[in-house]
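Please read the structure below before turning to the comments.
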Amino acid sequence: MIRTHEAGTLRKEHAGQKVTLAGWVARRRDHGGVVFIDLRDASGSAQVVFREEDHAHDLRAEYCVKVTGEVRQRPAGNENPDLPTGEIEVVASEVEVLSESAPLPFPIEGSSGVSEEARLKYRYLDIRRQRIADALRIRSQATYLANEVMRERGFVYVETPNLTRSTPEGARDFLVPVRLQPGNWYALPQSPQLFKQLLMVSGLERYYQLARCFRDEDLRADRQPEFTQIDIEMSFVDQDDVIELGEALIGRIWKETLGYELPTPLPRMTYAEAMARYGSDKPDLRFGVELTDLTDYFSGTSFRVFQAPYVGAVVMPGGASQTRRELDAWQEWAKSRGARGLAYVLVQEDGTLGGPVAKNLSETELAGLAEATGAKPGDAVFFAAGARAASRDLLGAARLEIGRRCDLIDESQWSFLWIVDAPMFEEDGEGGWTPVHHPFTSPKPEWADTFQDNPGEALAYAYDMVCNGMEIGGGSIRIHRAEMQQRVFDVLGISKEEAESKFGWLLEAFKYGPPPHGGIAYGWDRVCMLLAGGESIRDVIAFPKTASGFDPLSGAPTPISPEQRKEAGVDATPKGDRPEPAAQQS
RNA sequence: GGUCCUGUAGAGCAGUUUGGAGUGCUCGCCACCCUGUCAAGGUGGAGGUCGCGGGUUCAAGUCCCGUCAGGACCGCCA
């Protein structure tokens, strides 16, 4: 090794030892006759002292250097109790510049903000910064822990293909042209869903993988075109078994990275309850502010707007003192979400009700409103009326916005829960049904025989783990009987031929004694983002892409040359003697 | 596909409302001074296509139109 010690590990016990360090010049404090360098390596940093004969004057920020010198306790009064190495310093006797650094595009040390674009373009420098380096380390630690838990429980790590077949359901696929078979295309997997079910047919019984997944959809702070899941599947289990495993996995990770004891078993809430109380299938329980259903309350109202299939409300504490401008801003906010507006009533300090909606309500309606919604003097009550799902969505979003604006969210808190009993199907807007989860999700046992008769009410054997208002994992018990699978396809309007063409390879496998099985997948980037305290999954991805899918570092994606285009067979027509590739969704 | 915010020196910002010479702040950079700092300090200096294109105007960083890039959100993401 070039060095004998790591800078961040030096303590006063090392005093008197001759050491050689290697790292980067983090900070330079040049006093002319004496120069201090903070030498940073992966372990931390230590102060190196140079005397004038040492030529340290020419060292610059982020030069990569090797320093030999003697560790000594700092002179009395010069200790720095804020630093782990603050009791010692290294008196340099030799210094070698291993490589110089050009002036930096942004500061490595210090906490000043830097644009996302600059950070991604020079991501390798961004990772030198403490915050990102820490985030990547905590991700690594979490990954080790996950592997430990899975190993202890006898799971088999299996890698599934990244070059695979396009799947017709779900997200848009990334496609890869195939030179050997011009006109035919691989798809990158949206998840290893079908392969992991095949591995259950194979009898592995317990499978897991840190799987790369690819989805060609628009990006968000918590979405990248490629991302990682911890993908898990188990045979001969029911929902409680998978939930127990999920809690053991997340519990170990939170305990050993953050020292947080997961309060297991985690609370479970049905999808229906979550939607009714919080207007969300991933409620943030770090604060209260629940929705109230006022449909019955306003069932006889003469106010036309509230003559709707659903009327609900959410209370903004202290909201009555908002200015006209702030209340107007709520209208704009609601419109930006596709609503017509956000009706409101202000509860004045004397208990009277104000706001434009109040005069449309009857004496009786006004009299009981505060009690019905739980509003107190000084609060504002926001209403949504219309279709139930859309109205609850709006109120749920308003609830989160209230939480943010009123600073009701305790950021130091962890709120974990399971959302269970999601519906199997939802209306696709064209008179048909579409799966809420995916078409291989089993109904709950009580719906096993009858789901096809009431598709809108049938409950799925599915579960999502929610943390701080974010879905971090989700899974289900799968269908393993052909007869039941056929009934699901019938509800979805998928013909036998269509099912054969799209999923034939899975259905074929399921002819050979498939075991009952189920699983779960955790969004690993989101999990690590929560552990690292980040705002975006980009914080825990070494080389992420921008919101338009561009990588400012490598410049990807790029056009291809006409030669590449020809060779890849991008424009070729497939030969007819192959099975029809699954139709692409546009 | 849509809505909103942002774009001014290497970095972070102010200036845009009410048009008047690239006017300014913090950090960094370069040179010099400085023997106990740890966000060291001091003196001096360099550094600008105000994202890009067009328009209005005697005059545009500032107003208008378009466009590009980044970010947030809606749609979308089983």
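What you see below is based on every heavy atom in this structure, not just the backbone, and it leaves out hydrogens, waters and symmetry mates. Within every chain, numbering begins at 1; the chains are lettered A, B, ... in the order of the sequence lines, protein sequences first and strands thereafter.
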Checklist entry - Is the ring centre of A/H31 under 5.5 Å from the base ring centre of B/rG36, and are the two planes under 30° apart, so that they stack? => result no
Checklist entry - Touch check for A/S548, heavy atoms < 4.0 angstrom, all strands: base, sugar-phosphate only, or nothing? => result sugar-phosphate
Checklist entry - Base, sugar-phosphate, or nothing: which does A/R60 touch, judged by heavy atoms less than 4.0 Å apart? => result sugar-phosphate
Item to check | Whole-angstrom distance between B/rC13 and B/rG51, as gauged at atom P | outcome: 14 Å
Checklist entry - For B/rG28, does either OP1 or OP2 sit under 4.0 Å from a side-chain N or O belonging to A/R27? => result no
Next on the checklist: Using a 4.0 Å heavy-atom cut-off to protein, can you give one letter per nucleotide of nucleotides 5-16 of chain B, 5' to 3': B if the base is in contact, S if only the sugar-phosphate is, - if neither?
Outcome noted: -----SSS----
Checklist entry - If you look at every strand shown and take non-hydrogen atoms under 4.0 Å, does A/V436 touch a base, only sugar-phosphate, or nothing? => result sugar-phosphate
Checklist entry - Looking only at heavy atoms, which two atoms of A/V19 and A/H5 are closest? And how far apart? => result CG1-ND1, 3.3 Å
Checklist entry - How would you label the contact of A/L120 with the nucleic acid (heavy atoms, under 4.0 Å): base, sugar-phosphate, or nothing? => result nothing
Checklist entry - Does the side chain to side chain donor-acceptor pair (under 3.5 Å) test come out yes or no for A/D551 and A/S554, once each step is laid out? => result CA-CA 6 Å; A/D551 174 13; A/S554 70; 2.7 Å; yes
Next on the checklist: Looking at the base of B/rC76, is there any donor atom on it, or on the side chain of A/R223, that sits under 3.5 Å from an acceptor on the other one?
Outcome noted: yes
Next on the checklist: Please give the distance between the C1' atoms of B/rU16 and B/rC30 as a whole number of Å.
Outcome noted: 33 Å
Next on the checklist: Under 4.0 Å, counting only non-hydrogen atoms across every strand here, what does A/D82 touch: a base, just sugar-phosphate, or nothing?
Outcome noted: nothing
Next on the checklist: Need one value for A/R538: base, sugar-phosphate or nothing, where a base atom within 4.0 Å counts as base even if backbone is also close, heavy atoms only.
Outcome noted: sugar-phosphate
Checklist entry - When the P atoms of B/rA60 and B/rU23 are considered, how many whole Å apart are they? => result 16 Å
Item to check | Residues A/D126, A/R123: salt bridge by 4.0 Å N-O rule | outcome: yes
Next on the checklist: Before we go on, tell me: are the rings of A/F36 and A/H31 under 6.0 Å apart, centre to centre?
Outcome noted: yes
Checklist entry - Base, sugar-phosphate, or nothing: which does A/E117 touch, judged by heavy atoms less than 4.0 Å apart? => result sugar-phosphate
Next on the checklist: Taking the minimum atom-to-atom distance to the side chain of A/D218, which one of B/rU35, B/rC38, B/rC76 wins?
Outcome noted: B/rC76
Checklist entry - Quick one: is B/rC77 close enough that its OP1 or OP2 comes under 4.0 Å of any side-chain N or O from A/R215? => result no
Checklist entry - Under 4.0 angstrom, heavy atoms only, what part of the nucleic acid is A/Q193 near: base, sugar-phosphate, or nothing? => result base
Checklist entry - What is the minimum heavy-atom distance between A/A339 and A/L394, and which atoms define it? => result CB-CD2, 3.7 Å
Next on the checklist: Regarding A/R404, tell me which of base, sugar-phosphate or nothing describes its non-hydrogen contacts under 4.0 Å with the strands shown.
Outcome noted: nothing
Next on the checklist: I want to check one thing: is the phosphate of B/rC74, taken as OP1 and OP2, less than 4.0 Å away from some side-chain N or O of A/R220?
Outcome noted: yes
Next on the checklist: Determine whether the aromatic ring centres of residues A/F195 and A/W505 are separated by less than 6.0 angstrom.
Outcome noted: yes
Checklist entry - Distance between the P atoms of B/rU3 and B/rC58, in whole angstroms? => result 34 Å
Next on the checklist: Is the phosphate of B/rU35 approached by A/R29 (side-chain N or O, under 4.0 Å from OP1 or OP2)?
Outcome noted: no
Checklist entry - Checking all strands, does A/E79 fall into the base, sugar-phosphate, or nothing category for heavy-atom contacts under 4.0 angstrom? => result base
Next on the checklist: Side chains of A/S442 and A/R478 only: does a donor on one sit below 3.5 Å from an acceptor on the other?
Outcome noted: no
Next on the checklist: Just N and O in the side chain of A/T546: are any of them under 4.0 Å from OP1 or OP2 of B/rG70?
Outcome noted: yes
Checklist entry - When rounded to the nearest Å, what value does the distance between C1' atoms of B/rC73 and B/rA31 take? => result 50 Å
Checklist entry - Do A/W24 and A/Y63 have ring centroids that are under 6.0 Å from one another? => result no
Checklist entry - Looking for any heavy atom pair under 4.0 Å, which part of the strands does A/E89 touch: base, sugar-phosphate only, or nothing? => result base
Next on the checklist: Taking only the C1' atom of each, what is the distance from B/rA9 to B/rC63 in whole angstrom?
Outcome noted: 26 Å
